[in-house]
Amino acid sequence: MKEKYNFREIETKWQKIWEEEKAFKISEDTDKEKYYVLEMFPYPSGKLHMGHVRNYSIGDVVARFKTMKGFNVLHPMGYDSFGLPAENAAIKHGVEPAKWTWDNIAEMTNQLKEMGLSYDWDRTVQTCNPNYYKWMQWIFIQFYNKGLAYKKENPVNWCPSCKTVLANEQVVDGACERCGSIVGKKNLSQWYFKITDYAERLLKNLDILEGWPNKVKTMQKNWIGKSRGAEVTFDIKGMDKKITVFTTRPDTLYGTTFMVIAPEHPLVEEITTPEQKAEIEAYKEKVQRMTDIERTSTTNEKTGVFTGSYVINPVSGTEFPIYISDYVLLDYGTGCVMGVPGHDQRDFDFAKKFDLPIIPVIDTHDPEIDLNNLPHATAAEGTLINSGEFNGMNNKEAIVKMTEKLESMGRGKGTINYKLRDWLISRQRYWGTPIPMIYCEDCGWVPEKEENLPVMLPTDVEFTGKGESPLTTSKVFAQCTCPKCGKKATREMDTMDTFLDSSWYFLRYCDALNEEKAWDFDKQKYWMNVDQYIGGVEHAILHLMYARFFQMALYDLGLVSNEEPFENLLTQGMVIKEGKKMSKSIGNVVSPEEIIGKFGADTARLFILFAAPPERELDWSDKGVEGSYRFLNRVYRLVYDMSDVIKNAPDTYEIKSSEDKSLAYAMNYTVKKVTEDVGGRFNFNTAISSIMELVNEMYKYKDHEINEGLMKDAVEKMILVLSPFAPHICEEMWQHLGHETKLYKTSWPSYDEKALIKDEIEVVVQINGKLKERMLVPSGLDKAAFEKLAMENEKVKALVEGKNVVKVIAVPGKLLNLVVK
RNA sequence: GCGCGAUUGGCGGAAUUGGCAGACGCACUAGACUUAGGAUCUAGCGGGUGACCGUGGGGGUUCAAGUCCCUCAUCGCGCACCA
């Protein structure tokens, strides 16, 4: 150990040692309690950004801490390496997606290693690796055989720029989540996963995910969007046809004055009368040309066209007209809505626009509302009116009774609806897992035989950026034989959404090298669940719901032992600078490479954990980084200066002076604080600040007479608790102090509760809740003794003099409050 | 519009169960050492400088409120014509 802190030398040295010793290689060990800590794996863009540094620093502290605590820790890392940027690079620079991706992976691996992260590198997965996507295809086939994958033609979200379809979850504000282009609609035959079959379980299980942030659970809950209500069937006047609507408010059935169906609804053609046909067709065409943005931006201005047909209210027998309008969505509920303008604002707006009657059926007992001339729709509770036999009934009760009546009439039933749609998983892209399905003219869609997996991506493809998916340009890919009948057949040309790849990688980590299976059940059983999952909140819905769905489906297939994969979830905040998101266009990007080059990985890690609690936004501060660097230098100097003392110090010692006592207190307090903050609350910032306090104490202490044994103890414990945050410098100091065993193999220190009891403690005296006096009292006083002592205090006496003490509240060890009049 | 979360010194943030507001760090000020200091060390650092006021504003509960309740404001995030 040199006099000056040379982080570059130290970090290189220890990274090499860890690598050579395979320090973090792990295997199943039933003697130890397992702990699985996982950070969301990156897309290999080639360069780490500060968000990665934050994510992986958090995970690494947890992993190293748990390891020192004696757990058998699984801490893996890999790459979500299929995806569009690789294809774009191919189009732009003519480099093959595979080469581009693997180069990036190599580059990124180097950067991760420079951070000193404690991964078991032998378990690394790359989703673009045939030994990974082989099992992706295998899982797809299991899902297909279970009836969870199906193909259907449907209007789908189409990104004109990415030239592919998108899942609902990937359309944000009507635009492509990836590139921001306006998403249009296209009728295509596509593969879907039946995630809707799992809607109820996905929703219900949220309640048992106690280790998840409420925010994420709420977001998923809203996304699943469960609504309870009823389906009501209406006869169409003069036709042998019926229309079924979904409503959450069957109690308002008597208030229906019109019906609206989605323009795309197949029934529209049948019910349109000849004289309305032209207008209906024109409207449909107009709607079809609109993007989702246009369709939803005209918030209040309702449009629509009368079809010429009428329906009959099953309970009241009244007739009313059927319209089409774009505010009714084809894929929610039944695509048909009963218009109740009195109690639904959208219906109210529509009725006003088309001059349709408005019948109030619920009296909300609001004196401001004139029931004969409603100013707006009312949604509040109330009593039914204008509703025949239901008049006078509370509307909550009416929901039940009306549903019962409809059921008895065979006109409806209580039902539940979800906003969640099936997951569209086909992508018209090259750089993804080929969907292992074969189309045979005689047998239809047939899965590829398992022994033929993986269906390899062909390399004889062209990247033009135009026309269809590059896969279609391959001369060999499509040709195959039907696995069932052996006739000539063709392969599916679409690849899978990359979100499939990331929906089970945590399972592959459990048994990453298995060539016979996706994973061994027992190994999975040993490691799962993920005890701590860490990543950005931007994955709250997409990835985290898809992964939950996969796990449930795999559970039903008997392939995994739990229904939910992630026990505890930490969503880390963004790294920002000067209040803004780091971005190239603003020019406020701080590169991890630069920071590590200038101050070292230990400083970078320490700062990013110190500057803010993990779930909050972190404002990057260049000055703050220097502060962390200064702190590590301060630690280094202390250890360097004390090393002779420590090396010659005895292993046991006695507390003699009051300085000894307070250093022993600080040492034990810090160990306790760090243990609790890292092990329980994940408040790394306060853990680090308490280590700083201990270091400050030691600097003060070394100017007094040094108790060598105590000094040694304090310095060593300080190094141990600092090591998860700044592992390289701590290994170096640890070795320098004469330890043969590497720090990463050393146990976490314990603390002595007895040393945390002080002889004297400072308490405060308040009068009427205002702080008036501080005093030192012996610790462990009971209420009465404490009160007596306080009342003897000169200042307190003077303040109470001549006044009436009404009440005394004594909190031993803390304060005394005198209520005085 | 609906839902969730935040608001504490010049700044990032502490205060775990209602019990000393401002830990720790940054910035700043003064001093020491020094040929020099952007190194290091020491001291100070919410406002007013009297015993008072201070956790976005207003109100409440309590002996005691940053913390609990009501209300308003601002900012951020999510969802949004979901019947």
Side-chain angles (χ1 to χ4, degrees), chain A residues 4 172-173 213-223 225-227 229 245-249 252 260 262 295-302 325-329 331-340 343-347 349-350 417-421 537-538 540-541 574 579 607 610-613 615-628 630-631 633-634 637 673 676-677 680-681 683 685-693 695-696 699 703 762-774 795 798-799 806-811 813-820:
Chain A
K4 253 194 117 233
V172 180
D173 295 334
N214 282 328
K215 183 185 168 131
V216 173
K217 289 198 275 189
T218 307
M219 282 168 75
Q220 291 205 359
K221 200 175 157 189
N222 292 340
W223 190 265
K226 180 177 179 174
S227 298
V245 300
F246 171 73
T247 177
T248 54
R249 296 292 304 276
T252 64
V260 193
R295 195 165 163 173
T296 54
S297 65
T298 51
T299 324
N300 277 318
E301 190 64 18
K302 294 281 181 286
S325 173
D326 62 358
Y327 85 92
V328 175
L329 309 170
D331 54 1
Y332 182 76
T334 62
C336 308
V337 170
M338 60 183 217
V340 186
H343 307 286
D344 182 289
Q345 190 57 40
R346 293 156 300 175
D347 297 346
D349 295 338
F350 193 83
N417 243 288
Y418 300 92
K419 287 203 304 191
L420 185 71
R421 308 292 142 76
V537 75
E538 66 273 17
I541 295 173
M574 267 200 309
F607 171 72
F610 175 63
E615 64 283 354
R616 220 183 293 186
E617 254 181 10
L618 186 151
D619 204 346
W620 185 267
S621 150
D622 291 330
K623 286 287 178 191
V625 183
E626 285 174 36
S628 294
R630 261 202 298 273
F631 171 70
N633 271 288
R634 203 165 138 81
R637 276 198 312 276
K673 177 85 179 151
E676 287 172 358
D677 283 355
R681 313 192 301 162
N683 282 12
N685 54 332
T686 50
I688 293 166
S689 73
S690 81
I691 301 172
M692 288 173 169
E693 283 179 87
V695 171
N696 290 344
Y699 264 91
D703 291 339
E762 195 186 66
V763 294
V764 298
V765 180
Q766 297 178 337
I767 291 181
N768 294 337
K770 303 247 187 257
L771 194 155
K772 295 291 175 184
E773 173 70 336
R774 297 166 189 277
K795 194 167 172 193
L799 282 162
V806 186
K807 199 172 176 185
V808 180
I809 295 107
V811 184
K814 286 201 172 135
L815 57 70
L816 187 87
N817 190 14
L818 303 171
V819 186
V820 166

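Keep in mind it's a predicted model, so treat the numbers as computed, not measured. The sequence lines fix the lettering, A, B, ..., with proteins before strands; numbering per chain opens at 1.
Distances were taken from every side-chain heavy atom of A:Trp223 (C-beta onward) to each of B:C24, B:A80, B:A15; the shortest belongs to B:A80. Comparing B:C52, B:A80, B:G25 by their closest approach to the side chain of A:Lys772 singles out B:C52. In this structure, the nucleotide among B:A15, B:U16, B:C81 sitting nearest to the side chain of A:Lys302 is B:C81. The nucleotide whose nearest atom lies closest to any side-chain atom of A:Arg616 is, among B:G13, B:G19, B:A83, B:G13. Here the nucleotide nearest the side chain of A:Lys623, chosen from B:A27, B:G3, B:C63, is B:A27. Relative to the side chain of A:Pro613, the nucleotides B:C20, B:G25, B:A14 differ in distance, and B:A14 lies closest. Closest to the side chain of A:Glu762, from the set B:U40, B:C20, B:A83, is B:C20. In the set B:G19, B:C41, B:A15, B:A15 carries the atom at the smallest distance from any side-chain atom of A:Asn683.
In this structure, NZ of A:Lys221 is placed 10 Å from C1' of B:G3, rounded to the nearest angstrom. One can place CZ of A:Phe607 at 11 Å from P of B:C26, the figure rounded to the nearest angstrom. Residue A:Asp703 contributes atom CG, which lies 8 Å from atom P of B:U42 at whole-angstrom precision.
Here, B:A15 and B:A30 have their P atoms 33 Å apart, quoted to the whole Å. For B:A6 and B:C63, the C1' atoms lie 31 Å apart once the distance is rounded to whole Å. B:C68 and B:C20 are spaced 15 Å apart, taking the P atom of each and rounding to whole Å.
When the shell of 6.0 Å around NZ of A:Lys221 is examined, it contains 12 or fewer heavy atoms from other residues, nucleotides or ligands.
Here A:Asn817 does not reach the OP1 or OP2 of B:C20: none of its side-chain N or O atoms lies under 4.0 Å away. The side chain of A:Arg630 contributes no N or O atom lying less than 4.0 Å from OP1 or OP2 of B:C24.
With the 3.5 Å cutoff on both pairing distances, Watson-Crick and G-U pairs in RNA chain B assemble into runs of at least 3 at B:1-7 with B:73-79, B:10-12 with B:24-26, B:28-32 with B:40-44, B:56-60 with B:68-72.
A:Thr686 and A:Asp677 share a donor-acceptor pair across their side chains, judged by distance under 3.5 Å alone.
In terms of position along RNA chain B, the nucleotide closest to A:Gly624 lies nearer the 5' end than the nucleotide closest to the other residue of the pair A:Gly624 and A:Tyr332. Checking A:Thr334 against A:Ser621, the closest nucleotide of RNA chain B that is more toward the 5' end is the one next to A:Ser621.
Within 4.0 Å of A:Lys4, counting heavy atoms only, lies no atom of the nucleic acid at all.
Between A:Arg249 and A:Asp344, no side-chain nitrogen of the basic residue sits less than 4.0 Å from a carboxylate oxygen of the acidic one, so the salt-bridge criterion is not met.
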